[in-house]
Amino acid sequence: MGTMSAENGTDGVGRRDLIKRSAALGLISVPAMGFLSACASGGGDDQKKAGAGKKTAKNPLAVNETAPMEFVLFDGGFGKEYAEDAVKVYESNFPAAKTKFSATQKIQSTLQPRFNQGTPPDLIDNSGAEQMDMGVLVSKNQLADLTPLLDAPSYDDPSKKVRDTLRPGIVQMGQFDGEKVWILYYAYTVYGVWYSQKALASLDAEYPKTWDEMLAVCEKAKKKGIAGWTYAGKYPYYVPFSLYPMIGKVGGAEVLDAIDNLEPNAWKHPAVKACFEAYYELYRKGYVLKGTPGLDHIQSQTAWAKGKALFLPNGSWVENESANVIPADFDLAVSAPSGLDDGDKMPFGTLWASGGEPFIVPAKAANAPGGMEQLRIMLGEESSKNFTGKVKSLTAYNGGTDGVELTPGLKSGVAALELAGDNVVNPRLQDWYVQLQKEKIGVSGLGEMMAGRLTPAEAIKKIQGFADEAAKDSSVKHYKHQ
C-alpha cells in the first residue's frame, strides 16, 4: 500500500495505518424549513373522499370505478412518457373515471399549498430539487400507508403479492419507524463511478480496484491532458454516490448504519477519515477537472461525456439524462467504487443500489385507492419493460428486462448488481434527512472539502457538528435502521 504525501504531514504512513489510528463520527438532520407547518394543524378544509368501489379479482384495491384520479409527476431525467402510458392503462381499466395527469419540476411549490389546504392529488412522484422532505411528510402524518398495495395481488400474477415481485430493499426503503410503508421507490438506481470503457482502454488501463490504482490511472490521464474526475460541483451531494459505498466497503455496512442512526461520533469512524483523505487526494494532486466546483450536474456530465474527465459519481439516470451528449461509441459503464486495499471489510464490487423516484399517496387524497392502483399497474411487467426500454433504467419490479435491448450503461448496471450480490449498501440519509444530506453534508461539508477550502479533518469536524446538533434537536423526527 502506498503512502500519503508529506504535504499532509503523514509521510511514510499508509492509509491502512491511518485507519488503525483514527477515531469515530455521527450524522444530522435539520428541520425542514417551514414545509408543511400548516399541515400539523390541519390547514384548510379537507377534500371529500371517494366512496369505495367493488372489490374483485381485477379490482383488488376496490377502486371506485367512477371516481376521478389525479397523478402529479416530477418532470426530470426520466421524462413523462412512461407515466402517461401507464395512465392510459388505468383509463382503459376504469373508462368511467376522469383522470388528470400533469408533470412539473416544482413539486414542493406546486403541492405545498394543496397539502396545507387538505386537497392533495392521489399520486405524486416526489422527486427533484424541490422534493418535499420525506421525514417531515411521515412525521406530520401526511402519507397513506401503502401496505394495502403491497399485499394486493400483483398486476400480472394473482398468486403473488405485489411485495413479492419487488427488488430487494424496496419495501424497507419505504419504511421509517415500523412496519408501515409510506413510499414506493419506482426506479431502481445503481449508484457508482461512471466512465467510458473506450477512454479507459485508450489509456491502456482497467477500472481501478484499489485507491493506489485509482491514483495511478488518474496520473496517466493527467499526462494526456484529461482530468481524472469531475462531479456536480454546485450540487456536491452527488459525491456520496461513490463515497458512501466506499466507506461501507472499507469499514463495513455498520459504519453507514451508525451514520444514518445519528449515533455519537459516527462520522469520526476511521473508515470515514480514510475515505475523506482518499478523495481529498484527488483535489490535492490536481486530478479534478478545473472549474468543477462551479459546474452543475448537466455541465459536469457534459464535460465528462466530451472526454474532459474519466470518472463521474452519479446514478443510473445519467445515461438517459445525458443521452444527447454521450457519443455513440462512448461505451458507457459503471463500477462499484474503488476501495483502499485488501484490508477492506467488504469485497470489491460493494455497491450502493436502491430505489429511486419516490412515489407517495397522500393521506388526504380524495382517491387513495386509485393512486395505489396506478402504482400497481406501473409495477406490472408491461409498464416496467416500457420504463426500462424508454428511459434506460431498471424499475422496482424484479424483472422486466426480458426481450428489452439493454443499453451499454444499463447492461453495465445489471452486471454491477450481479457482481455485488449481497454486498449492496443503502444509506438512508437522502430520504430520512433531505436537507442535512444536501445542504449540510453535501454543500457545506463535502463541497468545501473537494474544492480545497476544508481539509478532511475540518470537514469531518464540521459534519460532526451538524450531526450532534440534529441529534439533540427534539423538533427533528429521528429514524433508525430496524
Side-chain angles (χ1 to χ4, degrees), residues 45-75 80-104 107 110-111 114-115 117-127 132 137-138 141-156 158 161-163 165-166 170-171 174 180-186 357-384 386-387 395-397:
D45 296 331
D46 296 349
Q47 59 192 338
K48 185 177 179 181
K49 301 266 188 179
K54 183 178 180 181
K55 185 175 181 178
T56 65
K58 290 188 175 181
N59 186 12
L61 292 170
V63 176
N64 183 323
E65 298 188 12
T66 62
M69 193 279 292
E70 184 182 2
F71 177 2
V72 177
L73 183 85
F74 168 65
D75 192 2
K80 57 186 179 180
E81 190 175 350
Y82 77 94
E84 290 172 326
D85 292 342
V87 170
K88 290 174 185 175
V89 177
Y90 185 97
E91 291 171 335
S92 175
N93 293 346
F94 302 102
K98 181 180 179 181
T99 62
K100 181 180 179 182
F101 173 83
S102 59
T104 179
I107 292 293
T110 300
L111 297 180
R114 296 186 57 184
F115 269 90
Q117 294 159 12
T119 59
D122 304 306
L123 179 62
I124 301 167
D125 172 16
N126 182 31
S127 192
M132 295 178 286
L137 288 167
V138 173
N141 301 313
Q142 293 298 309
L143 301 184
D145 177 14
L146 299 179
T147 299
L149 163 66
L150 297 172
D151 287 340
S154 69
Y155 195 74
D156 303 302
K161 293 180 179 180
V162 169
R163 67 169 70 243
T165 68
L166 304 180
I170 291 294
V171 172
K180 292 182 177 180
V181 179
W182 307 108
I183 305 160
L184 193 292
Y185 288 85
Y186 185 65
E357 221 60 24
F359 281 74
I360 54 176
V361 174
K364 294 181 180 179
N367 185 11
M372 293 188 200
E373 177 63 16
Q374 180 66 79
L375 270 178
R376 194 175 79 95
I377 291 168
M378 293 170 65
L379 291 168
E381 184 173 13
E382 181 182 348
S383 289
S384 182
N386 187 49
F387 178 87
T395 72
Y397 174 74

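In the model, Asp125 has no side-chain atom that pairs as donor or acceptor with a side-chain atom of Ser127 under 3.5 Å. Thr66 and Asn64 form a side-chain donor-acceptor contact under 3.5 Å, judged by distance and modelled atom types alone. A donor-acceptor contact closer than 3.5 angstrom is absent between the side chains of Asn367 and Asp122.
Side-chain contact between Leu184 and Ile360 is absent, with no heavy atoms from C-beta onward closer than 4.5 Å. Considering only heavy atoms from C-beta on, Asp151 comes within 4.5 Å of Arg163 through its side chain. Here the side chains of Phe115 and Leu137 are in contact, with some heavy-atom distance below 4.5 Å. The closest side-chain heavy-atom distance from Met132 to Ile107 is below 4.5 Å. Side-chain atoms of Met378 and Tyr155, non-hydrogen and from C-beta on, never get closer than 4.5 Å to each other. Side-chain contact between Asn141 and Trp182 is absent, with no heavy atoms from C-beta onward closer than 4.5 Å. Between Ile124 and Pro362 the shortest side-chain heavy-atom distance falls below 4.5 Å. When side chains are defined from C-beta on, Tyr82 counts as touching Leu73, because their heavy atoms get closer than 4.5 Å.
Note: Thr395 OG1 to Leu379 CG = 7.0 Å, rounded to the nearest 0.5 Å. Note: Ile183 CD1 to Ile170 CD1 = 11.0 Å, rounded to the nearest 0.5 Å. Here the CE atom belonging to Met69 is positioned 4.0 Å from the CD atom belonging to Gln374, to the nearest 0.5 angstrom. Remark: Asn386 CG to Glu84 CD distance equals 11.0 Å, nearest 0.5 Å. Summarising the geometry, atom NZ belonging to Lys80 is positioned 7.0 Å from atom CZ belonging to Phe101; distances are rounded to the nearest 0.5 Å.
In this structure, Val63 and Pro369 approach most closely via the heavy-atom pair CG2-O, 3.5 Å. Scanning all heavy atoms of the two residues, the minimum distance from Val361 to Gly371 falls at CG2-C, 4.1 Å. In terms of heavy-atom proximity, Pro60 sits nearest to Pro153 at CB-CD, 3.5 Å. Across all non-hydrogen atoms, the minimal contact from Ala86 to Ile377 is O-CG2, 4.0 Å. In terms of heavy-atom proximity, Met372 sits nearest to Leu149 at O-CD1, 3.4 Å. The two residues Thr165 and Ser154 make their nearest non-hydrogen contact at CG2-CB, 3.7 Å.
The aromatic ring centroids of Tyr90 and Phe71 lie 6.0 Å or more from each other.
Salt bridge absent: Lys98 and Glu91 never bring a charged side-chain N and a carboxylate O closer than 4.0 Å. Using a cutoff of 4.0 Å between basic side-chain nitrogens and carboxylate oxygens, Glu373 and Arg376 are scored as salt-bridged.
In the displayed structure, Lys49 atom NZ is contacted under 6.0 Å by more than 12 heavy atoms of other residues, nucleotides or ligands.
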Practice task
Report the C-alpha separation of Val87 and Thr99 in whole Å, then their side-chain angles, then the decisive distance to 0.1 Å, and conclude whether the side-chain contact (heavy atoms from CB on, under 4.5 Å) test is met.
Solution key: CA-CA 8 Å; Val87 170; Thr99 62; 3.9 Å; yes
Exercise for the section: Show your working on side-chain contact (heavy atoms from CB on, under 4.5 Å) between Leu150 and Val181 and close with a plain yes or no. Expected result: CA-CA 9 Å; Leu150 297 172; Val181 179; 3.6 Å; yes
Exercise for the section: Carefully, step by step, assess Tyr397 and Asp156 under the rule side-chain contact (heavy atoms from CB on, under 4.5 Å). Expected result: CA-CA 11 Å; Tyr397 174 74; Asp156 303 302; 4.2 Å; yes
Problem - Check against side-chain contact (heavy atoms from CB on, under 4.5 Å), Leu143 and Val138 - result: CA-CA 6 Å; Leu143 301 184; Val138 173; 4.0 Å; yes
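Between Phe359 and Tyr186, the ring planes lie perpendicular to each other; the angle is over 60°, past the 30° to 60° tilted range.
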